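The structure appears right after this line, and notes come after that.
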Amino acid sequence: MSALSPYFPMRQFVLISGCSGGGKSALIAELGRLGHVTVEEPGRRVVAEELKAGGRALPWIDMAAFAHQAFEMSEADLQSVSHHSGIVFFDRGLPDAAVALQHAAGISLSQNMNKLKACADQVFMAPPWPEIYQTDSVRQHSLAEATDEFKRLEIAFRFLRYDIQMLPKASIKQRARFVIEKLSSQ
């Protein structure tokens with residue numbers, strides 16, 4: 001059980017989103033290490049599956065197909081933790097996939113509004129952080145493209161009326177403490 005659970009209603013989903021390469025996955029790993037329930041980023045899992053299978057639903061080949069798969073995986077992730085009565089931290093999630101779908105396939109956020117509002121109560125956003133940004137086999141886009149994605153996400157989260165908290169550019173332990181303190185103070 002999460003150390004935060006006395007401060008929360010029966011269930012609270014918290015989204016960690018923002019700029020690619022901004023330290024989200026490292027933060028999620030730290031929150032998991034601290035004993036919190038976490039859900040890994042759907043997009044990275046889709047890419048890993050597609051690379052293994054020789055598929056084409058990759059953001060650098062077919063962004064729309066990638067976004068559709070990430071959306072479906074995000075829905076499955078929500079189902080898999082729907083029974084959990086405490087806090088759950090998501091490394092990206094349904095809203096991120098919906099923003100990608102809007103960008104790549106023209107599917108408006110309004111079409112999925114009920115699902116998007118049900119998937120998280122709050123979002124912590126990792127801002128663009130050039131000093132730590134790196135590409136790899138799964139993240140092949142540039143920092144400029146990642147920054148554009150960050151801007152689309154920020155606009156979408158404001159449209160969806162999420163409670164947005166910007167993560168500080170700090171160590172992973174400091175970021176985890178920031179998240180826990182923000183959530184505990186509410």
Side-chain angles (χ1 to χ4, degrees), residues 11-28 31 38-47 57-82 87-130 132-133 135 138-169 175 178-179 182-183 186:
R11 180 189 81 192
Q12 182 171 354
F13 294 157
V14 176
L15 190 61
I16 308 293
S17 185
C19 191
S20 291
K24 297 176 304 301
S25 296
L27 174 57
I28 286 287
L31 292 166
T38 61
V39 177
E40 293 179 39
E41 181 184 340
R44 289 185 78 82
R45 288 182 282 149
V46 168
V47 169
L58 297 163
W60 55 90
I61 294 175
D62 187 343
M63 182 61 175
F66 165 78
H68 278 288
Q69 285 196 22
F71 193 88
E72 290 172 9
M73 187 174 284
S74 297
E75 285 184 303
D77 288 342
L78 281 170
Q79 286 297 318
S80 73
V81 296
S82 63
I87 191 167
V88 178
F89 291 99
F90 290 83
D91 185 349
R92 294 199 183 265
L94 208 54
D96 297 79
V99 169
L101 272 173
Q102 179 175 313
H103 178 68
I107 298 171
S108 76
L109 293 176
S110 300
Q111 287 182 259
N112 295 303
M113 188 68 80
N114 290 338
K115 291 178 186 177
L116 298 179
K117 284 306 293 177
C119 77
D121 300 313
Q122 195 162 42
V123 62
F124 287 86
M125 291 191 73
W129 194 351
I132 68 168
Y133 184 83
T135 58
V138 177
R139 183 187 310 118
Q140 297 188 7
H141 53 279
S142 69
L143 177 60
E145 292 167 312
T147 300
D148 288 344
E149 174 194 35
F150 171 83
K151 291 173 186 173
R152 286 190 299 273
L153 288 166
E154 186 175 23
I155 289 166
F157 290 131
R158 290 192 192 291
F159 171 75
L160 295 167
R161 296 194 169 128
Y162 278 88
D163 178 13
I164 299 172
Q165 298 289 325
M166 288 295 170
L167 291 167
K169 292 181 179 177
R175 278 184 159 186
F178 173 83
V179 168
K182 284 287 185 188
L183 294 172
Q186 296 173 353

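Everything numeric here is computed off the predicted structure, so don't read it as measured data.
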Taken to the nearest 0.5 Å, the spacing of Glu41 CD from Ser74 OG works out to 9.0 Å
Looking only at heavy atoms, the pair that brings Pro128 and Thr147 closest together is CB-OG1, 3.8 Å
Rounded to the nearest 0.5 Å, the CZ atom of Arg152 sits from the CD1 atom of Ile155 at a distance of 9.0 Å
Sorted by chain and residue number, the ring pair (Phe, Tyr, Trp, His ring centres under 6.0 Å) partners of Phe157 (sequence neighbours excluded) come out as Tyr162
Closest non-hydrogen contact found for Gly18 with Glu149 is O-OE1, 4.5 Å
Arg45 meets the salt bridge (charged side-chain N to carboxylate O under 4.0 Å, His left out) criterion, sequence neighbours left out, with Asp77
Sequence neighbours excluded, the answer for side chain to side chain donor-acceptor pair (under 3.5 Å) partners of Arg44 is Asp136
Note to self: A quick test of your reading: do over 12 heavy atoms of other residues, nucleotides or ligands sit less than 6.0 Å from NZ of Lys169?
What the structure shows: yes
Would you be so kind as to tabulate the donor-acceptor pairs closer than 3.5 Å made by side chains of residues 93-102, with sequence neighbours excluded?
residue: Asp96; atom: OD1; partner: Gly93; partner atom: N; Å: 3.2
residue: Asp96; atom: OD2; partner: Ser17; partner atom: OG; Å: 2.5
residue: Asp96; atom: OD2; partner: Arg92; partner atom: NH1; Å: 2.9
residue: Gln102; atom: OE1; partner: Leu109; partner atom: N; Å: 3.2

Taken in chain and number order and not counting sequence neighbours, the residues that satisfy side chain to side chain contact (heavy atoms under 4.5 Å, CB included) with Ala104 are Met63, Ala64
Heavy-atom closest pair (Glu154 atom, Ile164 atom, distance to 0.1 Å) is O-CD1, 4.2 Å
| query | Is there a side-chain contact between Phe13 and Val39 (heavy atoms, below 4.5 Å)? | reply | no
Contacts of Ala146 meeting side chain to side chain contact (heavy atoms under 4.5 Å, CB included) (sequence neighbours excluded), chain-then-number -> Cys19, Ser20, Tyr133, His141
| Given the rule in the side chain to side chain contact (heavy atoms under 4.5 Å, CB included) test, do Leu27 and Phe89 qualify, once you have shown the distances and angles that lead to the verdict? | CA-CA 10 Å; Leu27 174 57; Phe89 291 99; over 6 Å; no
Heavy atoms of Gly43 and Phe66 approach each other most closely as O-CE1, 3.5 Å
When rounded to the nearest 0.5 Å, the distance separating CZ of Phe124 from CD1 of Ile28 is 10.5 Å
Residues Gln69 and Ala57: closest non-hydrogen pair is NE2-CB, 3.5 Å
Residues 16-28 vs salt bridge (Lys or Arg N to Asp or Glu O under 4.0 Å), sequence neighbours excluded, gives none
Side chain to side chain donor-acceptor pair (under 3.5 Å) filter on Ser142, not counting sequence neighbours, yields Glu145
To the nearest 0.5 Å, atom CG of Leu167 lies from atom CD of Gln165 at 9.0 Å
Exercise for the section: Return yes when atom CD of Glu40 has more than 12 non-hydrogen atoms of other residues, nucleotides or ligands closer than 6.0 Å, and no otherwise. Expected result: no
Contacts of Ile132 meeting side chain to side chain contact (heavy atoms under 4.5 Å, CB included) (sequence neighbours excluded), chain-then-number -> Trp129
Contacts of Ser25 meeting side chain to side chain donor-acceptor pair (under 3.5 Å) (sequence neighbours excluded), chain-then-number -> Asp91
